[in-house]
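Taking it in order: structure first as structure tokens, then the write-up.
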Amino acid sequence: MTRIAIMGAAGRMGRVLIEATELAEGAELGAGIVLPTDSLIGADAGDMAGLGKKLGVALVSDLNSVIGDFDVVVDFTAPEASMKNIEICKAAGKAIVIGTTGLTDEQKASMQASAADTKIVFAPNYSVGVNLCLNLLRMAASVMGEDSDIEVIEMHHRHKVDAPSGTALRLGEVVAETMGWDLNEVAVYGREGQTGARPQKQIGFETIRGGDVVGDHTVMFATEGERVEITHKAQSRMTFAKGAIRAAQWVVNQPNGLYDMQDVLGF
């Protein structure tokens, strides 16, 4: 049985992760961690998540206080918090699954270094469908990329704090890698004014925020005469939660290292 600790347990994603843990065979909730200012500290995680039953796991504000109660942490919080949790897990010999987006290049490099001493899964998106789309993108880019104008379009709910989304950036990275491009050199994040004709060696990103959209992503390969679009639409956070719990159960049996969802799925 894999014992899982959920960071940000009282948040939108945290509650769904608790439910996904309960639904997963061979997994159980070991701990739920919330902010020190949260009024739900001490509440039962099952009651808080609306499961209609108690789980016997009281919400706490300090990961170190429950270090013996879990095998792996699942963290969809904020960059600085996730980096601290990686250090805690490394010191305690625990695995960690990171779904936090908006990490800087320096934070990603620090994560890579920490993976020498612990087990980490880091992915911008834990949906099986999105990870399938990554493979489809490699095929499309290798066949159509040289002749196409490539655009990445994404939409999320109004509460998302980073843009473009981590998933959109990863989609762009996969296309750029396949084309032999450096995304930092070819990416354009929005356009305004007299921009001139579009150069071909460019990947454009368009960001839309509004309502309660869980996550829509499209990569467009447009040529003169035809257009190919690879689209993924998430209708529920449970899609991501199930993938993250699957990753958590998988990574505890792996050697130290930095993995992504492609590794978990065996792609």
Side-chain angles (χ1 to χ4, degrees), residues 2-24 27-41 43-51 55 57 59-61 63 66 70 72-86 89 95-103 120-131 154-170 209-217 232-249 251 260-261 264:
T2 303
R3 301 174 302 160
I4 297 174
I6 305 298
M7 302 303 303
R12 290 186 298 271
M13 191 64 192
R15 294 171 191 241
V16 180
L17 284 164
I18 290 173
E19 182 180 358
T21 301
E22 281 300 294
L23 292 172
E28 65 179 5
L29 186 68
I33 296 86
V34 297
L35 292 171
T37 55
D38 202 308
S39 62
L40 289 168
I41 292 173
D44 185 89
D47 287 339
M48 183 277 301
L51 300 186
L55 298 180
V57 176
L59 299 176
V60 300
S61 61
L63 182 61
V66 289
F70 64 87
V72 54
V73 169
V74 178
D75 185 340
F76 282 66
T77 56
E80 289 187 5
S82 295
M83 298 310 295
K84 291 178 181 177
N85 293 331
I86 289 172
C89 288
I96 185 166
V97 173
I98 301 289
T100 303
T101 58
L103 273 66
I120 303 174
V121 180
F122 171 60
N125 196 302
Y126 284 87
S127 156
V128 173
V130 162
N131 281 275
E154 60 103 341
M155 180 173 184
H156 283 81
H157 53 87
R158 63 175 61 156
H159 302 290
K160 187 166 180 60
V161 298
D162 57 312
S165 70
T167 300
L169 290 172
R170 183 58 188 147
R209 294 286 177 267
D212 60 355
V213 176
V214 174
D216 291 357
H217 294 88
H232 180 271
K233 295 186 178 183
Q235 297 171 289
S236 167
R237 288 182 177 85
M238 184 58 74
T239 299
F240 313 129
K242 286 182 176 179
I245 300 307
R246 180 172 176 174
Q249 291 179 282
V251 75
D260 63 17
M261 196 58 183
V264 175

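Numbering of residues begins at 1 and proceeds along the displayed sequence.
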Any side-chain heavy-atom pair of Val130 and Met261 under 4.5 Å: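 When only atoms from C-beta onward are counted, Met261 and Val130 do not touch, as no gap falls below 4.5 Å.
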Flag side-chain contact, heavy atom, 4.5 Å: Leu23 against Met238: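 Yes, side chains in contact.
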Verdict with supporting geometry, Thr100 and Asp75, side chain to side chain contact (heavy atoms under 4.5 Å, CB included): CA-CA 7 Å; Thr100 303; Asp75 185 340; 3.5 Å; yes
Closest approach of [X] and [Y], non-hydrogen atoms and distance?
| X | Y | value |
| --- | --- | --- |
| Met48 | Ala9 | CE-O, 3.2 Å |
| Val57 | Ala31 | CG1-CA, 3.7 Å |
| Ser165 | His217 | OG-NE2, 2.9 Å |
| Ala20 | Ala241 | CB-CB, 3.7 Å |
| Thr2 | Ala248 | CG2-O, 4.2 Å |
| Pro164 | Ala168 | CB-CB, 4.1 Å |

Straight-line distance of [X] [atom1] to [Y] [atom2], nearest 0.5 Å:
| X | Y | atom1 | atom2 | answer |
| --- | --- | --- | --- | --- |
| Leu59 | Asp38 | CG | CG | 7.5 Å |
| Ile41 | Leu35 | CD1 | CG | 8.5 Å |
| Leu17 | Ile245 | CG | CD1 | 5.0 Å |
| Glu22 | Glu28 | CD | CD | 8.5 Å |
| Thr239 | His232 | OG1 | NE2 | 6.5 Å |
| Ile96 | Ser82 | CD1 | OG | 6.5 Å |

Worked verdict on Val60 versus Ile33 for side chain to side chain contact (heavy atoms under 4.5 Å, CB included): CA-CA 5 Å; Val60 300; Ile33 296 86; 4.0 Å; yes
Test log, rule side chain to side chain contact (heavy atoms under 4.5 Å, CB included), inputs Tyr126 and Val121: CA-CA 10 Å; Tyr126 284 87; Val121 180; 3.7 Å; yes
Could you list the donor-acceptor pairs under 3.5 angstrom formed between side-chain atoms of residues 155-163 and any protein atom two or more places apart in sequence or on another chain?
residue, atom, partner, partner atom, Å
His156, ND1, Glu154, OE1, 2.7
His157, ND1, His159, N, 3.2
His157, ND1, Lys160, N, 3.3
Lys160, NZ, Asp162, OD1, 3.1
Asp162, OD1, Thr101, OG1, 3.4
Asp162, OD2, Thr101, OG1, 2.9

Result of checking Leu63, Val74, Val97 against Met7 for side chain to side chain contact (heavy atoms under 4.5 Å, CB included):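 Testing Met7 for a side chain to side chain contact (heavy atoms under 4.5 Å, CB included) against Leu63, Val74, Val97 leaves exactly one candidate, Leu63.
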Backbone of Val214 reached by a side-chain donor or acceptor of Arg237 within 3.5 Å: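 Side chain of Arg237 to backbone of Val214, a donor-acceptor pair under 3.5 Å: no, none is there.
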Test item: Asp44 side-chain N/O and Leu55 main-chain N/O as donor-acceptor pair under 3.5 Å: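 Yes.
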All ring-ring contact (aromatic ring centres under 6.0 Å, His included) counterparts of Phe70, not counting sequence neighbours: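 For Phe70 there are no ring-ring contact (aromatic ring centres under 6.0 Å, His included) partners, ignoring immediate neighbours.
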Verdict with reasoning, Asn131 to Val264, per side chain to side chain contact (heavy atoms under 4.5 Å, CB included): CA-CA 10 Å; Asn131 281 275; Val264 175; over 6 Å; no
